[in-house]
Amino acid sequence: MSKQVTTKLRQSASLILLAKDRNAAPSNFDYNALLFTRHSKSSFMPDSSVFPGGVCEATDGSSAWLTHFQRHDVSAAKLKEFCQGLQTAPLNPQDQSLNSAMSLRLTALRETFEEMGILLCRDQKTWTSTEGYAQFNEQFDRKHWQQVVHNDASKFLTLCEELEVLPDLWSLHEWSAWRTPSTFKTRFQTAFYLTALKDQPNVLTEPKEVQDYAWRSPLDYLQRALRKELWLPPPQFYELSRCLNFQSLEKLRQFAQQRESKGYVLTHPVMYQCTDGMVHLFPGDDMYPDNPDASADKIDTGMSTEEFRTLAKKNLHRSEQRNHHKTQLLINFNPPDGQVNPIDPRTL
């Protein structure tokens, strides 16, 4: 009998941070993504290469943020208007703190500053900017404040008050949401946001969390993962593969901005053990179970990945993994949320 799922989910947010690559050849991707490598002693997915992000703290939903925005002429009505049409929902529907469309963006921005020293914000000159690109500020003692905020998440608001800036919520576009499979002891429901920068900011890593980092094109990351030079967890591999649809940062930014009003389908992988590897089933696959949390164990198929694939009569949406570095994504239908399908990097 399979074990019952009892692990609680924690709300979190992650930021797909993209910056224009001024040195890119015309035939290549004209932008890079920022990922960092977790320390080998990390409690969750050590040595993996991931987007900046982390757990939503209570302070990210504090009403004190509303006061800060209102102090800079961004009224509660304007913030409500901003949140309309955005899907991001809290795990607890009874939660009456700051709207989750705001609080999870604040989580992504705060964690990006804690881990990478990058503060995405707007000042008095850029309050009303409509160009769609994120702004960043490096004109302060980033090392000091990075440690202050890392030690106390509530100090992120203090930092914004001191600098008289607003966190740049407007440049973050809802991209996707992932839930950790029920086989994990530590589980998260993570909102992924995408943002674009015209220039590449200077990174200041937090030494306790970050082992290494890089700015690379989506294709470069994926090819390195397939060559076993780095490990991309399933969400990172999937979302970077989606980015392969866009060689132009401007076209990707426009797509993300226009698509987010359609919401997203929560990606909750269900893990099946095959004789020659692991299969992660995603929503929409013919074999996807009615209850993805039915079991805390990997489901043993007793078949090869190819044999298991033939059980799907029509729709495929899955990741077939021989190991951490050999992954193939399969989807043969258009997602209902208007998203683009991932592209196999081996075809480029």
Side-chain angles (χ1 to χ4, degrees), residues 8-15 17 52-130 134-137 140 142 144-175 177 188-195 260-261 263-264 266:
K8 291 184 178 180
L9 290 165
R10 302 179 70 187
Q11 195 99 49
S12 62
S14 191
L15 186 59
L17 185 59
V55 175
C56 187
E57 302 287 355
T59 184
D60 298 327
S62 170
S63 59
W65 279 107
L66 293 177
T67 303
H68 178 64
F69 277 91
Q70 290 167 356
R71 191 178 296 123
H72 295 283
D73 298 323
V74 180
S75 65
K78 288 182 180 178
L79 291 172
K80 184 177 180 180
E81 181 182 355
F82 166 73
C83 294
Q84 284 180 348
L86 300 179
Q87 180 178 332
T88 310
L91 290 172
N92 178 11
Q94 305 304 316
D95 187 359
Q96 296 301 312
S97 58
L98 200 65
N99 185 293
S100 59
M102 286 182 58
S103 62
L104 285 170
R105 279 172 168 79
L106 288 170
T107 299
L109 292 168
R110 174 181 54 76
E111 287 285 345
T112 297
F113 178 66
E114 286 186 31
E115 294 169 339
M116 312 309 292
I118 297 173
L119 179 62
L120 301 181
C121 62
R122 297 190 181 191
D123 58 20
Q124 192 170 7
K125 296 179 180 178
T126 55
W127 289 155
T128 58
S129 173
T130 57
Q135 314 284 330
F136 60 90
N137 184 342
F140 64 101
R142 288 193 296 152
H144 166 73
W145 277 103
Q146 183 183 42
Q147 286 305 306
V148 169
V149 176
H150 184 266
N151 294 334
D152 182 353
S154 69
K155 298 301 182 184
F156 187 54
L157 172 58
T158 306
L159 169 61
C160 293
E161 290 172 335
E162 291 276 336
L163 296 179
E164 296 188 341
V165 298
L166 295 177
D168 195 357
L169 307 178
W170 299 270
S171 72
L172 271 61
H173 304 297
E174 286 183 355
W175 184 253
F188 303 93
Q189 182 162 308
T190 305
F192 282 79
Y193 297 96
L194 184 144
T195 193
E260 70 174 333
S261 62
Y264 53 77
L266 176 66

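Here the structure is a predicted model, which is why all the values come from computation and not from measurement.
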Can you give me the closest heavy-atom contact between [X] and [Y], atom names plus distance?
X	Y	result
T190	S12	OG1-OG, 2.5 Å
P52	S14	O-OG, 3.0 Å
Q135	S129	NE2-OG, 4.0 Å
K78	D73	NZ-O, 3.3 Å
S100	Y193	O-OH, 4.3 Å
V149	E114	O-OE2, 3.5 Å

>> Please verify the inter-ring angle class for W170 with F69; under 30° counts as parallel, over 60° as perpendicular, anything in between as tilted.
In response: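 It falls in the perpendicular class, over 60°.
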
Kindly indicate whether the side chain of [X], heavy atoms from C-beta on, has any atom under 4.5 Å from the side chain of [Y].
X	Y	answer
C160	C121	no
R110	E57	yes
T107	V55	no
R105	E174	yes
F140	L159	yes
L169	L109	yes
E161	H68	yes
N137	L163	yes

So how far is it from [X] [atom1] to [Y] [atom2], rounded to the nearest 0.5 Å?
X	Y	atom1	atom2	answer
T112	L172	OG1	CG	8.0 Å
D168	R122	CG	CZ	4.5 Å
E164	R71	CD	CZ	9.5 Å
E111	I118	CD	CD1	13.5 Å
L106	S62	CG	OG	10.0 Å
E115	H150	CD	NE2	8.0 Å

> What do you reckon, is CD of Q70 surrounded by more than 12 foreign heavy atoms closer than 6.0 Å?
Replying inline: yes

>> Has S171 got a side-chain atom pairing as donor or acceptor with T195's backbone, closer than 3.5 angstrom?
In response: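 No; zero donor-acceptor contacts below 3.5 Å.
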
> For the side chain of W65 and the backbone of T59, is there at least one donor-acceptor N/O pair under 3.5 Å apart?
Replying inline: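 Yes: the side chain of W65 pairs with the backbone of T59.
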
> Would T158 and D152 satisfy side chain to side chain contact (heavy atoms under 4.5 Å, CB included), going step by step from the backbone distance to the final call?
Replying inline: CA-CA 10 Å; T158 306; D152 182 353; over 6 Å; no

>> Run Q11 and L104 through side chain to side chain contact (heavy atoms under 4.5 Å, CB included) and show every step you take.
In response: CA-CA 8 Å; Q11 195 99 49; L104 285 170; 3.4 Å; yes

